[in-house]
Amino acid sequence: MPIIEITALPQPASVDVPTVLERVTLALAAGMDCDPDVVWAVWRGVEPGGYVVRGHAPATQPQDSHDPIARIMAYEGRSPEVISRTVEGVGRTLAGCLGLDAANVFVHYEEMKAGRVFTGGTVRGG
């Protein structure tokens, strides 16, 4: 069950967050070659003034700073190639959905270690 959590400043009215979440889950599933139905996606908005870069705290998403942050969490064991493909696919998809240059998106991949995740009523892989 991969999870993607996106943290970003308020977006323009033209951005439909549920559509963005759907598209990044599809990109993640394609990168990992898994069923999109097992991918979770969460959007966490940052209040204006709650995200500062170089002393600048904008009220909405700038085009060239204050990157939206995408955190991918997935079980360990995937190859570096799969991880790289997934991170790039999510980054480019998120940038496209938000109308940003890919250079203005930050994506981080975290492996969830066996025995350290509780889901489905049990500790997974422990």
| query | What ring-ring contact (aromatic ring centres under 6.0 Å, His included) pairs are there with at least one residue in residues 41-88, not counting sequence neighbours? | reply |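 For residues 41-88, and leaving out neighbouring residues, the ring-ring contact (aromatic ring centres under 6.0 Å, His included) pairs sorted by first residue read Y51-H66, H56-H66.
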Requested in this report: Hey, could you give me each pair passing ring-ring contact (aromatic ring centres under 6.0 Å, His included) that has a residue in residues 2-36? Not counting sequence neighbours.
Outcome: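 Counting only pairs at least two positions apart or across chains, no ring-ring contact (aromatic ring centres under 6.0 Å, His included) contact touches residues 2-36.
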Evaluate L100 against Q63 for side chain to side chain contact (heavy atoms under 4.5 Å, CB included), listing each step before the verdict.
CA-CA 6 Å; L100 301 173; Q63 289 293 306; 3.6 Å; yes
Not counting sequence neighbours, list each pair that qualifies as a salt bridge (charged side-chain N to carboxylate O under 4.0 Å, His left out) and has a residue in [range].
range: residues 83-106; answer: E88-R92
range: residues 20-33; answer: none
range: residues 61-70; answer: none

Tell me whether Q11 contacts the main-chain N or O of L9 through its side chain, where contact means a donor paired with an acceptor under 3.5 Å.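 Yes: the side chain of Q11 pairs with the backbone of L9.
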Distance-only, no hydrogens or angles: does the S84 side chain make a donor-acceptor pair with backbone N or O of P80 under 3.5 Å?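 A pair under 3.5 Å: no.
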[X]: partners by side-chain contact (heavy atoms from CB on, under 4.5 Å), with sequence neighbours left out:
X: P12; result: S14, V15
X: M73; result: I3, E5, R71, E110, M112
X: D16; result: P18, T19
X: I83; result: R78, V87, Y109, E111

What pair of heavy atoms forms the shortest contact from [X] to [Y], and how long is it?
X: Q61; Y: N104; answer: NE2-ND2, 3.8 Å
X: G49; Y: A57; answer: CA-CB, 3.9 Å
X: G31; Y: T86; answer: C-OG1, 3.2 Å
X: V20; Y: L94; answer: CG1-CD1, 3.7 Å
X: G91; Y: V107; answer: CA-CG2, 3.6 Å
X: A102; Y: A95; answer: CA-CB, 3.7 Å

Cluster question for you: counting only ILVMFWY and a side-chain heavy-atom cut-off of under 4.5 Å, with indirect links fine, are [X] and [Y] together?
X: F106; Y: V53; value: yes
X: V82; Y: V39; value: yes
X: L26; Y: I4; value: no

**Report entry** From D35 atom CG to M1 atom CE, the distance as rounded to the nearest 0.5 Å
**Finding:**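 If I round to the nearest 0.5 Å, the distance is 13.5 Å.
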Point-to-point distance, once rounded to the nearest 0.5 Å, from NE2 of H108 to CD1 of I72
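Output value for this atom pair is 9.5 Å.
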Does E81 have any side chain to side chain donor-acceptor pair (under 3.5 Å) partners at least two apart in sequence or in another chain, and if so, which?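 Side chain to side chain donor-acceptor pair (under 3.5 Å) list for E81, sorted by chain: S79.
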* ILVMFWY clustering at 4.5 Å (side-chain atoms), partners of V42 ->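 Same cluster as V42: nobody, lone residue.
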